[in-house]
Amino acid sequence: MGDDKNRVQEIVKGITNLPTLPPVMMQVLSLMQDPKTTADDIGKVIISDQVLAANILKVVNSAYYGFPRKINTIIQSILILGFDTIKNIILTTSILDIFSDKEEKGGFDRDRFWEHAIACGVATKIIAERIGCVMQEESFLSGLVHDIGKVVLDRFLHDDFKKIVKKVNDENILIIDAERSVLGITHTEIGSWLAEEWNMPHSFSHAIAYHHDPLLAKEDTIIVSIVHVSDILCRAIGAGSGGDKKIPRINREAWMKLKLSMSAIESILKRFDEEMEKASVFIELSRSM
Ligand SMILES: [Fe+2]
Ligand SMILES: [Fe+2]
């Protein structure tokens with residue numbers, strides 16, 4: 001056991017040059033903490049990064065928000081959508097940017113991975129809205145990042161991750177079980193650690209840490225349960241792929257927590273296609289960055 005613990009620590013220490021959030025994001029975050037900050041102040045920082053500014057406008061003008069008229073400037077976007085939404089859009093586009101490696105290496109299909117991540121974000125948002133929990137933006141992001149640890153493993157511990165993917169395919173097991181046996185550390189641990197490093201809200205790191213074992217969560221239990229259910233729903237309907245084919249069972253207690261009837265699933269899935277269509281801007285961004 002002691003050895004395992006050391007190994008985990010060593011692995012985490014070994015990933016030293018983890019990608020950091022773009023400086024603009026850091027600046028925006030600190031500006032937002034100051035109550036005197038105006039939309040103008042934030043706008044100036046954002047437009048200093050032309051690519052980011054263009055991506056924000058793309059998202060803001062997409063069907064995801066569905067505004068009837070075109071929003072032409074960053075300032076307008078901030079005034080219409082508010083600080084929190086803009087912050088979440090920057091976080092979303094930054095994550096897609098930082099982690100969307102184009103090449104598929106060692107059998108882990110990035111396009112299908114992002115499709116799974118975005119689908120899980122969409123399902124999380126729909127369920128969160130339905131049961132009247134948390135902000136929509138944040139729920140989308142919690143689903144989007146739930147498996148982020150896998151891309152960290154793929155990038156920084158690539159040889160081990162290749163072995164993991166091979167084991168998953170050979171034995172038809174869950175990727176998390178293959179991670180445990182090959183590395184002794186899982187995407188949930190790596191991902192939640194990254195979320196903490198990036199100072200993301202705790203609800204994100206909890207959703208990442210416990211989406212496979214929702215009952216272990218002591219806080220944010222609702223969003224953890226929603227992401228758990230959404231991940232499995234997306235597996236069941238084949239929306240993208242998180243790298244494994246197995247469909248685990250939905251945890252009964254987590255499901256009960258959400259107080260959803262079985263018939264709710266049908267209407268959730270009906271809305272899913274529509275919402276996925278609207279979220280296509282994120283699929284586009286994951287492929288173009
Ligand atoms: Fe996962
Ligand atoms: Fe997943």
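First listed ligand is number 1; within each ligand, the first listed atom is number 1.
- In this structure, Phe161 has its ring center no closer than 6.0 Å to that of Phe156.
- Under 2.8 Å from the Fe ion (ligand 1) lies an N/O/S atom of His212, whether from backbone or side chain.
- Closest to the Fe ion (ligand 1) among the N, O or S atoms of His187 is NE2.
- Of the possible polar contacts, none joining the Asp220 side chain to the Ile223 backbone as a donor-acceptor pair under 3.5 Å is found.
- For the 3.5 Å distance criterion, the side chains of Thr186 and Glu189 qualify, holding a donor opposite an acceptor.
- The Fe ion (ligand 2) is closest to atom OD1 of Asp231 (considering only N, O or S atoms).
- For Ser267 (side chain) and Ala264 (main-chain N/O), a donor-acceptor pair under 3.5 Å exists by modelled atom type.
- Between His116 atom NE2 and Asp147 atom OD2, the angle centred on the Fe ion (ligand 2) amounts to 100° (nearest 10°).
- For the side chain to side chain donor-acceptor pair (under 3.5 Å) criterion with His146, the lone passing option out of His228, His187, His116, His212 is His116.
- The Fe ion (ligand 2) has an N, O or S atom of His146 inside 2.8 Å of it.
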